[in-house]
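Take a look at the structure set out below.
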Amino acid sequence: MLRNLNMKKKFLFVFLAIFFVMTSWNLILMLRTDMINKAYHEIISNVVKLNEVDMLLDESMEELEEYLTRKLYSNNGFNRKLNELYESVNALSDVYPAQEEQLAYRNLRQLLITLDRYVNESIWQIQGRNPSEAMQCFETAKDVVIQMKEVINYLVFQYMQSSKIRYDYLVMQTERTLGQSLLVWGMILMLCGTAAWLFARSITASLNVLAGYSMQIAQAPENARPVAVTGKDEFAVLTDSLNQMGSDIKKYIKTLREKADLEKELQETELKNLSMENMLSRAELLALQSQINPHFLFNTLNIVAQMAMIEEADATYELTMNLSKMFRYNLRNLDTPVLLKDEIENLKRYVYIQRARYGETVNYQIEIQDSEMSGLPIPCLSLQPIVENSVIHGFDNGNGKGNIRIAAWSDHEFYHIVVEDDGKGMDEKSLEHIQNSQDMPGRGHTSGLGIRNVIFRLRLFYEYEVLHIRSSPGEGTCVEIRIPKDNKKVRHERGGEGG
């Protein structure tokens, strides 16, 4: 059943199964723990009730003594304590089911009634201005309190004795629940480990098959045998794509061989047109190569990125995807304008690759201060060569430390795009050579598009000198692209904005 599911659904299925087991056990554990806690709470609660009665006895007698000795005008404090004492004693009615305990409880209630009688007598005497009789009643009440405390201690002892068996059972249940929890969690960990091992083995096996087939395509594509497609997951899609790519490469190789055979026949039969035929053959071969190599490399980069993602090599995946996207972006027609936001995105990919290459030696800062700038049309690959020139020439080919700032903003008259660094800069002669060059530049460094190439294409695109360079030895370099808002190329690409 799992074979027909994609990777996402497989992971979801296993996750839900493990989640169901964990949730079910947690629910059972919570219910059992709650029952044990309630039993513990009941034992402790009953002991607490007895302690409350004992404490209220002391507090009541303190209130009464203060009333009698200090001759207060109100005995509300004592009455409140006495009411609480009655409520606490009445709350013990269901705690003692045994006959001996019931007898002791009834004795406690009777003593409370006796205490109430002597207390009231002492209050009447003190109100009748008979302090000696009042204190005599108070002393008798204190003796009753001592008897009540003895009954309370007896009830506590009896209750603890009767609760010992229940308490021992609760302790055993707690220990048993702990042992069961350890066993269940161990089984869950084994289940997770087994599932992870099975997934890893499945993924590794599929990757080994795809890696072997990729090696066959790279070394001898005409002899590579397609891989059987099983299941419906992402590996099946990737396998099918590799098979299709291998088939296309075989067709291309067959076409190349047919072209080569045809060229040989033409060379033998048409000696007079040898030079022309050689040029035609070269053009056709380059055309085929331009179709095969970029797409093969682009597809291969995507495969490597997917493999890195599956193997959880996040840094490799991010680097490969940035290189793949940058490669596809660089295949665009340089005569076709792009939006500034797209150029910035490509520049960010270039920066990511440079950081992976050189580390944090060069610090990049990108600031787009005006959202209007994002839709500005500019020639493709206008910024990357400038930044690349700063890295290569401004910081000793990336080995020096420095900062590069890319900023874009607009005012009422111009759109401004600035690339500035704090590198070693240029002298006046080098700066004049770059700015005053009127010839079509050749191929630049690395990307094939040097800064002179950028200057040339910006002149052709805007029909206006928009690039300006400021630099001094040891002071860094600032390259500014300053585009008038009323430029016809800007108005046209923006659909008539800006007048």
Side-chain angles (χ1 to χ4, degrees), residues 294-295 297-306 308-309 314-360 362-392 394 398 403-410 414-421 444-451 453-455 457-458 461-462 466-467 478-483 489-490 492-495 497:
H295 291 88
L297 179 58
F298 181 71
N299 290 333
T300 303
L301 286 174
N302 281 333
I303 292 171
V304 173
Q306 294 299 322
M309 179 180 68
D314 296 336
T316 303
Y317 169 78
E318 190 69 23
L319 178 62
T320 306
M321 287 303 297
N322 277 283
L323 180 59
S324 174
K325 292 177 181 179
M326 182 177 170
F327 178 74
R328 180 172 59 184
Y329 186 89
N330 290 354
L331 289 178
R332 293 186 177 188
N333 186 354
L334 298 182
D335 296 330
T336 302
V338 297
L339 299 181
L340 177 60
K341 64 179 181 180
D342 297 328
E343 186 73 4
I344 291 294
E345 286 301 316
N346 184 62
L347 185 59
K348 289 179 180 178
R349 291 189 281 268
Y350 169 78
V351 167
Y352 185 92
I353 295 171
Q354 290 298 94
R355 281 180 170 166
R357 180 181 180 186
Y358 297 118
E360 298 294 334
V362 179
N363 180 45
Y364 299 87
Q365 183 179 2
I366 299 177
E367 301 175 356
I368 307 298
Q369 300 179 4
D370 190 349
S371 59
E372 180 185 7
M373 297 290 294
S374 297
L376 179 67
I378 62 173
C380 183
L381 289 176
S382 296
L383 300 182
Q384 178 190 325
I386 301 175
V387 176
E388 186 175 11
N389 186 76
S390 293
V391 174
I392 295 170
N403 300 284
I404 298 177
R405 174 175 173 266
I406 302 99
W409 71 92
S410 65
F414 292 98
Y415 297 106
H416 300 268
I417 305 172
V418 171
V419 178
E420 58 181 352
D421 63 63
H445 190 283
T446 307
S447 66
L449 297 171
I451 192 169
N453 189 299
V454 175
I455 296 174
R457 291 189 296 113
L458 287 173
F461 185 78
Y462 293 109
V466 297
L467 191 141
C478 177
V479 179
E480 179 180 4
I481 300 175
R482 190 164 58 240
I483 306 168
K489 290 294 184 71
V490 175
H492 174 72
E493 294 297 334
R494 284 182 174 267
E497 291 180 14

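The chain is numbered in sequence order, starting from 1. This one's a predicted model, so the numbers in the text were calculated from it and none came from an experiment.
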Is there a side-chain contact between Leu467 and Ile386, using heavy atoms and a 4.5 Å cut-off?
yes

Answer yes or no: is there a side-chain heavy-atom contact under 4.5 Å between Tyr350 and Ile353?
no

CD of Gln365 to CZ of Arg405, rounded to nearest 0.5 Å, is 6.5 Å

Quick check for you: to the nearest 0.5 Å, what is the distance between Ile417 atom CD1 and Leu340 atom CG?
4.5 Å

The reported gap from CG in Asn389 to CG in Asp421 (rounded to nearest 0.5 angstrom) is 8.5 Å

Please tell me whether Gln384 and Asn346 have a donor and an acceptor in their side chains that are separated by less than 3.5 angstrom.
yes

Should Tyr364 and Val391 count as side-chain neighbours, where that means a heavy-atom distance under 4.5 Å?
yes

Output yes when a side-chain donor or acceptor of Arg457 lies under 3.5 Å from a complementary backbone atom of Cys380, and no otherwise.
yes

Lys341 vs Ile368 side-chain heavy atoms within contact, under 4.5 Å
no

Is the closest side-chain heavy-atom distance between Ile378 and Ile483 below 4.5 Å?
yes

Should Cys478 and Val418 count as side-chain neighbours, where that means a heavy-atom distance under 4.5 Å?
yes

Any side-chain to backbone donor/acceptor pair from Glu343 onto Leu381? Under 3.5 Å, distance only.
yes

